[in-house]
Protein chains: 2
Amino acid sequence: MNITTQAKKVKESSLILMKLTNEDKNKALLKISESILNNKEEILKANRIDVENAEKKGIKRSLIDRLLLTEKRILEMAQACKKVAALDDPVGEILTSWLQEDGLRISKIRVPIGSIGIIYESRPNVTLEAYIIAMKAGNTVLLRGGSDAYNSNTCLVKFIKAGLKETAVPENSIEYVLDTSRDRVSEMLKMNEYLSLIIPRGGSSLIKMVANNSTVPVLETGVGNCHIFVDETADLSKAIEIIDNAKTQRPGTCNAVEKVLIHEKIAGKFLPLLKKRMDDKNVLLKGCERTIKYIVVEEAQEDDWKKEYLDLILGIKIVDSVQDAIDHINKYSSNHSESILTENYFNAKIFVNSIDSAALYVNASTRFTDGGKFGFGGEIGISTQKLHARGPVGLEELTTYKYIVTGDYQTRP
Amino acid sequence: MNITTQAKKVKESSLILMKLTNEDKNKALLKISESILNNKEEILKANRIDVENAEKKGIKRSLIDRLLLTEKRILEMAQACKKVAALDDPVGEILTSWLQEDGLRISKIRVPIGSIGIIYESRPNVTLEAYIIAMKAGNTVLLRGGSDAYNSNTCLVKFIKAGLKETAVPENSIEYVLDTSRDRVSEMLKMNEYLSLIIPRGGSSLIKMVANNSTVPVLETGVGNCHIFVDETADLSKAIEIIDNAKTQRPGTCNAVEKVLIHEKIAGKFLPLLKKRMDDKNVLLKGCERTIKYIVVEEAQEDDWKKEYLDLILGIKIVDSVQDAIDHINKYSSNHSESILTENYFNAKIFVNSIDSAALYVNASTRFTDGGKFGFGGEIGISTQKLHARGPVGLEELTTYKYIVTGDYQTRP
């Protein structure tokens with residue numbers, strides 16, 4: 001099958017999937033779980049080929065770790081199927097319904113988006129995770145994974161399809177683009193006839209490329225230049241714990257903090273404490289011109305303020321007020337997650353009301369912006385755009401709605 | 001000011017507008033209403049220049065009618081301001097809020113989208129209507145109107161801005177692009193830094209151009225290839241009234257019916273009745289190959305089934321079953337509005353559940369898909385895409401949400 005035939009099948013099967021019950025979808029999820037477990041040897045074998053190829057190419061260790069499947073990771077995938085099966089089905093919910101004066105009843109009902117194109121990079125577990133979340137929400141997927149994970153991905157798709165056999169969910173509800181040429185990505189981005197949405201999952205250059213070239217609507221995910229503002233009334237020792245958690249617990253994630261803004265009144269006291277902890281955790285600091293008067297750190301450049309490091313690097317800027325902090329964040333942030341640490345009620349209020357980001361925190365780590373942590377049971381990414389979905393994209397965010405209007409032969413006066 | 005400066009101002013003022021109260025916005029709406037009424041002579045004078053230029057250029061009558069402002073139309077605009085002021089403010093609504101086990105409170109709160117680019121064609125009243133709806137929902141706008149309405153539009157914007165003086169709503173919350181070059185539209189479509197959304201309002205070629213070229217997210221509106229399926233159990237005389245209403249009441253609107261599908265069992269009885277009424281109303285019929293065996297009509301071509309006529313033309317196709325009707329609609333529809341006329345419960349159910357359009361009707365005219373008729377108090381268009389908003393786009397649809405998370409220095413375990 002070429003990519004156009006695949007896209008057509010994905011679209012056609014979305015019209016079947018959208019009508020299936022929660023029970024139908026859950027049965028399929030459990031069958032997929034079994035199929036993955038029963039075929040783990042073959043999946044591991046396929047993955048070994050990808051890993052060996054990557055090693056031969058000299059790909060760096062951290063990327064190979066992302067590529068690697070282990071028995072534990074396969075077990076986690078199988079468990080993820082069961083976990084998603086246990087989630088409530090968002091489809092069919094009546095969002096609102098009213099009776100008009102003329103007797104028409106209008107109901108706004110949650111329905112699947114339809115067929116979704118997903119373009120992603122090296123982690124093969126995305127193949128399964130993205131599909132099961134999309135499918136539980138009633139959507140079918142056309143997947144285009146990274147070429148490094150080609151053998152792992154195609155093997156996983158084979159056993160997902162095997163699991164779907166003899167279930168009500170069509171096997172064509174998942175299709176994987178076999179041709180690894182970049183041209184196929186360009187084709188996907190113009191498939192308005194067959195795809196209702198494209199979700200890129202990966203680094204910022206992939207996301208930018210997709211957003212700039214797609215005529216299909218895009219859900220941009222995952223670029224996080226997150227800020228923590230330490231106000232003058234913050235509890236300084238707790239602030240150190242929050243920054244440590246937000247920076248070092250998993251520095252490669254989009255909800256990790258990248259910049260800390262510090263109220264000038266506490267800079268002298270707080271900066272040495274922060275430097276000590278960050279030194280202990282091997283975090284490289286880059287400070288504004290005022291910061292370097294207090295502690296010995298590299299000076300941050302203008303382009304640092306926009307950067308998402310995804311690494312053990314932290315930018316530090318001294319600000320004069322909560323309003324300064326707000327202005328800096330509204331200017332440089334990627335509008336993902338920002339936190340204020342304060343004991344001042346009005347500063348907390350103005351901070352959350354004035355910043356135009358997906359998640360605003362008062363006295364908490366930015367690391368909580370996550371579908372799992374928010375209780376969504378899973379996510380396909382964190383949206384940083386304003387249209388459709390903001391923040392964690394879980395099952396509900398992969399749905400839309402339609403209006404059903406029932407009458408007695410009413411005409412418009 | 002050049003367009004980039006304007007866009008920057010629109011973005012900056014969105015950060016002010018997003019924090020204003022309902023009272024602030026309503027005061028501004030009433031001031032705009034006064035300003036428009038007090039300056040109606042000057043607005044009419046500016047409009048006269050546009051109309052005369054259009055007449056000189058030999059532009060067709062129906063387009064000149066759309067361009068024309070009259071004292072009555074200005075009065076309607078002034079009243080629209082008061083009507084929008086009377087609507088509930090969607091901003092600030094808590095959509096959902098929950099307390100997590102770790103003590104974090106997460107609240108999902110409705111907020112404005114921000115700054116919106118609107119690209120539209122000849123009707124100058126769009127200038128005011130689009131702005132007041134967007135602004136009431138807390139958004140600022142960068143407007144690019146058609147060159148035919150240049151004098152009317154710039155004059156309206158002048159008096160809107162005059163109305164905003166001495167109100168809390170920034171004058172830069174509305175900016176009109178003065179340079180009529182097409183290049184400015186191309187620039188707008190790439191202004192991701194300043195605009196969160198682009199809404200095209202106009203014909204299908206404008207909408208397609210915007211959707212194909214914009215890197216800013218787009219809300220596609222207004223292409224309606226709407227269907228009515230007359231099932232074998234429909235009340236035939238009521239069906240005639242519905243089709244008449246849906247086709248002829250305002251044939252130029254996107255919710256007018258363009259295609260009628262007829263169950264083969266009633267075709268022989270129904271088609272002559274339909275032909276008689278359509279002849280009386282000067283509607284040109286185009287029938288499928290089976291239709292032309294019953295009545296004398298032009299034969300429809302394959303490309304007719306996809307067309308939005310926006311005129312007194314109606315396509316007719318005979319189908320064998322409700323499933324045939326569903327398949328035809330899912331294949332050819334623009335996914336706007338579709339109606340089934342039936343007295344069969346299961347056929348009604350399968351029709352509304354199987355068709356992937358924004359509004360599905362049982363026994364009612366498609367003409368009801370409208371922000372006013374749905375009780376939204378106004379609309380900026382009818383969305384035919386699945387992302388973000390579907391169907392009428394009113395105040396709520398011009399908002400997004402953000403998460404506010406309050407804690408006591410929680411870190412992620």
| Just checking heavy atoms, which of residues 99-112 of chain A are less than 4.5 Å from chain B? |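 Expected list: A:Q100, A:D102, A:L104, A:I106, A:K108, A:V111.
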| said: A side-chain contact here means heavy atoms from C-beta on lying under 4.5 Å apart; do B:Q410 and A:F368 qualify? | reply: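 Yes. Closest side-chain heavy atoms under 4.5 Å.
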| Worked check of side chain to side chain contact (heavy atoms under 4.5 Å, CB included) between B:L387 and A:L387 | CA-CA 8 Å; B:L387 235 56; A:L387 235 57; over 6 Å; no
| chain A contacts, top residue of B:M18, B:R250, B:E193, B:Q385 (heavy-atom pairs, under 4.5 Å) |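 Greatest number of close heavy-atom pairs with chain A: B:M18.
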| What residue pairs, at least two apart or across chains, pass side chain to side chain donor-acceptor pair (under 3.5 Å) with a residue in residues 211-220 of chain B? |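 The answer is B:N192-B:T215.
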If I measure from the heavy atoms of chain B, does [X] come under 4.5 Å with its side chain, its backbone, both, or neither?
X	value
A:A234	both
A:D370	side chain
A:S237	neither
A:K386	both
A:I404	both
A:N255	side chain
A:Q249	side chain
A:E397	side chain
A:I113	both

| B:I242 versus chain A, heavy atoms under 4.5 Å apart: side chain, backbone, both or neither? |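 For B:I242, heavy atoms of backbone and side chain both lie under 4.5 Å from chain A.
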| What part of B:K373 gets closer than 4.5 Å to chain A, counting heavy atoms only: side chain, backbone, both or neither? |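 When you check distances to chain A, atoms from both the backbone and side chain of B:K373 fall under 4.5 Å.
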| field | More than 12 heavy atoms of other groups within 6.0 Å of B:K208 NZ | value |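 Counting neighbours around NZ of B:K208, 12 or fewer heavy atoms of other residues, nucleotides or ligands fall under 6.0 Å, so no.
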| request: With a 4.5 Å heavy-atom cut-off (strictly below), which parts of residues 347-362 of chain B touch chain A? List them by number. | output: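 At a heavy-atom separation under 4.5 Å, chain A is reached by B:V352, B:N353, B:S354, B:I355, B:D356, B:S357, B:A358, B:A359, B:L360, B:Y361, B:V362.
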| message | Among residues at least two apart in sequence or on other chains, which ones pass ring-ring contact (aromatic ring centres under 6.0 Å, His included) with A:Y403? | response |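 Once residues adjacent in sequence are excluded, the partners of A:Y403 under the ring-ring contact (aromatic ring centres under 6.0 Å, His included) criterion are A:Y401, B:F374.
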| Of all of A:G407, A:S365, A:S337, which one pairs up most often with chain B through heavy atoms under 4.5 Å apart? |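 Max contact count across the listed options: A:G407.
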